[in-house]
There are 2 protein chains.
Amino acid sequence: MLDVLQRPVDRLDPLDRQIIGCLTRDARATYAVIGDEVGLSAPAVKRRVDRLVADGVIRGFTALVDPEVLGWTTEAYVEVFWEGTPSPLELRRSLGEVPEVVGAWSVTGSADALVHILAADIPHLEEAIERLRQQPNVHQTRSEVVLSRLIDRARP
Amino acid sequence: MLDVLQRPVDRLDPLDRQIIGCLTRDARATYAVIGDEVGLSAPAVKRRVDRLVADGVIRGFTALVDPEVLGWTTEAYVEVFWEGTPSPLELRRSLGEVPEVVGAWSVTGSADALVHILAADIPHLEEAIERLRQQPNVHQTRSEVVLSRLIDRARP
DNA sequence: AGTGAAAGACTGTGGTG
DNA sequence: CACCACAGTCTTTCACT
């Protein structure tokens, strides 16, 4: 009863967590291998994975690609300052207009949003930030260009 | 000649890029399906994927998990200010001591590093930042707690 | 480097406790 | 909810182009 109020986390048992652990380490692991590791048969693992995907616990599977190889060597975090008090929806729509924006979060502190930008090089980055500044209501930006990637841990 | 000077990107032909595209969209896609999409047989796709993994172009495959479901609902970006001029190696060692740190980058601007922290809740976050501040040479921190995730695009 | 064929492994469904 | 069994599919190797 009252399933809508039950947070999804409550539906994850230790087996689910172990399976998620296996898949975050190697998304191409076979159900049989995962089953060996968690002590389940392959069909049982498949049913759980299907359920986790259907429930939105697992949003998808992706390959981790070395960004340098793709030629996107330039990265920056940009604090965005807004005129007035924008709704998350407005922010999402406005920031989403710039394709180089790969991540964005509304944050506490003086800035309204923190935006993660990937670009091919410095001129490309500069141009992307310029387009960001031209979005309606964007008042000011403060950029920190990434010099080197120190840590990039997969999910816990 | 002079292969060491050749950037890895130069070794990627359009077929490789298409295959990488398929795998970033769905890391569990079968070789046969990828082959259909890019116009290659399954064995040919497998050989290319194996080579991309061996060369480090593809660093691995992972599941995208909804962080809220795991109970890590609290997220912050923390600017770290250092005493003196630390090497990237020192930074990596020092920041890596705090397990809640899931990402870290050395950056331009007044801060020395930008650190991404995931925690279960605000007390947990506070404790993690406290441990960060106690690392040798960490002089000051400035935190921005994430209120909401606006955009989280998969790779470009 | 790619193809096609073949053996073995894996997936995915249906039946059962 | 998990297991077993089985039919269909996929992976992976090998010989050939």
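In what follows, every chain begins at residue 1, and chains take the letters A, B, ... in the order their sequences are listed. As the structure is a computational prediction, the values presented were derived from the model and not from experiment.
We find that B:D50 and B:R47 are not joined by a salt bridge, their nearest charged nitrogen and carboxylate oxygen being 4.0 Å or further apart.
The aromatic rings of B:Y77 and A:W105 are tilted relative to each other, their planes meeting at an angle between 30° and 60°.
Under a hydrophobic-cluster definition in which Ile, Leu, Val, Met, Phe, Trp and Tyr are linked whenever side-chain heavy atoms come within less than 4.5 Å, directly or via other members, B:V45 and B:I58 are assigned to the same cluster.
Side-chain atoms of B:E37 do not come within 3.5 Å of backbone N or O of B:I34 as any donor-acceptor pair.
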Report, as a single string ordered 5' to 3', how protein heavy atoms within less than 4.0 Å touch nucleotides 7-17 of chain C: B base, S sugar-phosphate only, - not at all.
---SSSBB---
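For B:Q135 and B:S94, the side-chain atoms include at least one donor-acceptor pair closer than 3.5 Å. The closest side-chain donor-acceptor pair between B:T62 and A:T24, if any, does not fall under 3.5 angstrom.
Between B:F61 and A:R25, every side-chain heavy-atom pair lies at or beyond the 4.5 Å cut-off.
Comparing the end axes of the helix from C:dA1-D:dT17 to C:dG17-D:dC1, each fitted to five base pairs by superposing C1' atoms of four pairs onto the next four, gives an inter-axis angle of 30° (nearest 10 degrees).
Taking the ring centre of B:Y31 as origin, the terminal cationic atom of A:R28 falls inside the region bounded by 6.0 Å and 45° from the ring axis.
Look at CD1 on B:I34: it is 17 Å from C1' on C:dG2, rounded to the nearest Å.
Residue A:S41 has no polar side-chain atom (N or O) positioned under 4.0 Å from OP1 or OP2 of D:dA2.
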